[in-house]
Amino acid sequence: MATTKHLKLLRHWKKMRMGVKKMKTRGKKFQRKKKKKSKNKKKKEVPEQTDPPSISVSDLFPSGEFPEGEIQQYKDENLWRTTSEEKRELERLEKPLYNSVRRAAEVHRQVRKYIKGILKPGMFMTDICETLENTIRKLISENGLQAGIAFPTGCSLNWVAAHWTPNAGDKTVLQYDDVMKLDFGTHIDGYIVDCAFTVAFNPMFDPLLEASREATNTGIKESGIDVRLCDVGAAIQEVMESYEVEINGKVYQVKSIRNLSGHSIGRYQIHAGKSVPIVKGGEQTKMEEGEFFAIETFASTGKGYVREDLECSHYTKDFEVGHIPLRLPRAKQLLATINKNFSTLAFCRRYLDRLGETKYLMALKNLCDAGIVQPLPPLCDVKGSYVSQFEHTILLRPTCKEVISRGDDY
């Protein structure tokens, strides 16, 4: 017979068992709910680019890290840089800068891929440029001088080598037998990607395009820290002039345009002082660590020499200009617009039109005459000739050479 003490202990033990069972049941319910929640929770998907492109590359790369360009090693005397811990540390410090310019390069790649897919004979040149530029604005998340277009879209045709874009009212139409150079730039915080390619629908122009593409690749390969600019030019010319092209039954020796060249690139400064020639006999100046260069070549069936011609569309504010007093109020107002929207980045008349500027030609001429703004007229070889161009932006990193703008296309 159980005592009162034993009964109390028995009741206490039963209560404890009931409590443990309840806790286990609650635990299982909680686990089931947790599992249910985790099943319903969708994975955050990274968006894919639309067609036509409309999603900012920043949204396509949510990590904030943008694709590296093509890496090329320096030649023998600079191979030690690859494994130098000191040089690697320098690169780690420059990572934000590299990432900015890679973001601009990714925009360039995606825009040109889209444009190449829609180009066809019969399109108005104005429509081509505005479609391209509006796509840049979306993909780069245009933001004043922090992110946007680096210079006007060059779409120079045939014997016009560079610096042509349509002004308002231009009705030029792209033809099947045209050779069009598409040269456009993007920038983040003033770090510019300058890159160009040539479009020709008629396959008879293929050797001409190949000449400038291979000459540009040669220039990139020869470039490096402590390399003399004249040596790069000599290598480019040798490759360029090994080509010939037959056009309408006549064979032409391909020529490098001797008074056009590649160039160093500075922050908010498309031409930063050094020229990369595309013929032999250029400057003895050397390339240096940390510099950006646009390696571009022009192949011509004409004289291989350009002159200024046609109506001007491109302009740029002088990078080093100080304060110059202006008498015309309209010129002062136009300069304020230029400073706010472009600073020292190149612009064209269409960009002023887009900002709402009207009747500005006299004021623009006044700024040019005062030396504040530089006009950049089209550069033309002889009429009836054809010119092709290819261009990439490279960065001479401390450990290697990065072809920033390289893509699957060229």
Greater than 12 external heavy atoms within 6.0 Å of [X]'s [atom1]:
X: Met362; atom1: CE; result: no
X: Arg92; atom1: CZ; result: yes
X: Lys340; atom1: NZ; result: no

Is [Y] paired with [X] through a side-chain N to carboxylate O contact shorter than 4.0 Å?
X: Arg103; Y: Glu106; answer: no
X: Lys401; Y: Glu70; answer: no
X: Arg349; Y: Asp353; answer: no
X: Lys116; Y: Asp409; answer: yes

May I ask you to test the [X]-[Y] pair for a side-chain heavy-atom distance under 4.5 Å?
X: Glu65; Y: Asn99; answer: yes
X: Leu157; Y: Val179; answer: no
X: Tyr305; Y: Lys255; answer: no
X: Pro166; Y: Arg350; answer: yes
X: Glu289; Y: Leu90; answer: yes
X: Ser385; Y: Val382; answer: yes
X: Met125; Y: Met180; answer: yes
X: Tyr114; Y: Asp51; answer: yes

Original post:
Going by atom types only, do Glu357 and Gln333 share a side-chain donor-acceptor pair under 3.5 Å?
Top reply: yes
Original post:
Would Asn158 and Asp178 count as having a side-chain donor-acceptor pair, cut-off 3.5 Å?
Top reply: yes
Subject >> Derivation and outcome, side chain to side chain donor-acceptor pair (under 3.5 Å), residues Thr297 and Thr216 >> reply: CA-CA 6 Å; Thr297 68; Thr216 295; 2.8 Å; yes
Original post:
Of the non-hydrogen atoms in Lys181 and Ser388, which two are nearest, and what is the gap between them?
Top reply: CD-CA, 4.0 Å
Original post:
At their closest point, which heavy atom of Leu145 faces which heavy atom of Ser343, and how far apart are they?
Top reply: CD1-CB, 3.9 Å
Subject >> Ser223: partners by side-chain hydrogen bond (donor to acceptor under 3.5 Å, both in side chains), with sequence neighbours left out >> reply: none
Donor-acceptor pair, [X] side chain versus [Y] backbone, under 3.5 Å?
X: Arg267; Y: Asp189; result: yes
X: Glu288; Y: Asp226; result: no
X: Thr198; Y: Gln389; result: yes
X: Ser100; Y: Pro96; result: yes
X: Ser300; Y: Gly302; result: yes
X: Lys280; Y: Ala235; result: no
X: Asn341; Y: Thr337; result: yes
X: Tyr74; Y: Cys400; result: yes
X: Ser256; Y: Ile278; result: yes
X: Lys365; Y: Tyr360; result: no

Pairwise distance [atom1]([X]) to [atom2]([Y]) - rounded to 0.5 angstrom:
X: Leu367; Y: Ile338; atom1: CG; atom2: CD1; value: 5.5 Å
X: Asp231; Y: Glu222; atom1: CG; atom2: CD; value: 8.5 Å
X: Asp183; Y: His163; atom1: CG; atom2: NE2; value: 7.5 Å
X: Phe293; Y: Ile220; atom1: CZ; atom2: CD1; value: 13.0 Å
X: Cys155; Y: Leu132; atom1: SG; atom2: CG; value: 9.5 Å
X: Ile149; Y: Thr186; atom1: CD1; atom2: OG1; value: 9.5 Å

**OP:** Under the side chain to side chain contact (heavy atoms under 4.5 Å, CB included) rule, what do Leu229 and Lys286 come out as? Steps first, then yes or no, please.
**Re:** CA-CA 6 Å; Leu229 296 169; Lys286 291 181 177 181; over 6 Å; no
**OP:** Walk me through it: do Phe347 and His314 pass the test ring-ring contact (aromatic ring centres under 6.0 Å, His included)?
**Re:** CA-CA 6 Å; Phe347 61 94; His314 286 49; 9.6 Å; no
**OP:** Could you give me the CA-CA distance, side-chain angles and deciding distance for Glu283 and Arg228, then say whether salt bridge (Lys or Arg N to Asp or Glu O under 4.0 Å) is met?
**Re:** CA-CA 7 Å; Glu283 298 175 24; Arg228 295 185 304 174; over 6 Å; no
Subject >> Test side chain to side chain contact (heavy atoms under 4.5 Å, CB included) applied to Ile71 and Arg397, step by step >> reply: CA-CA 10 Å; Ile71 300 301; Arg397 284 167 45 181; 3.5 Å; yes
Original post:
Would you say the ring centroid of Phe151 lies under 6.0 angstrom from that of Phe184?
Top reply: no
Original post:
Are Phe197 and Phe390 close enough that their ring centres sit under 6.0 Å apart?
Top reply: no
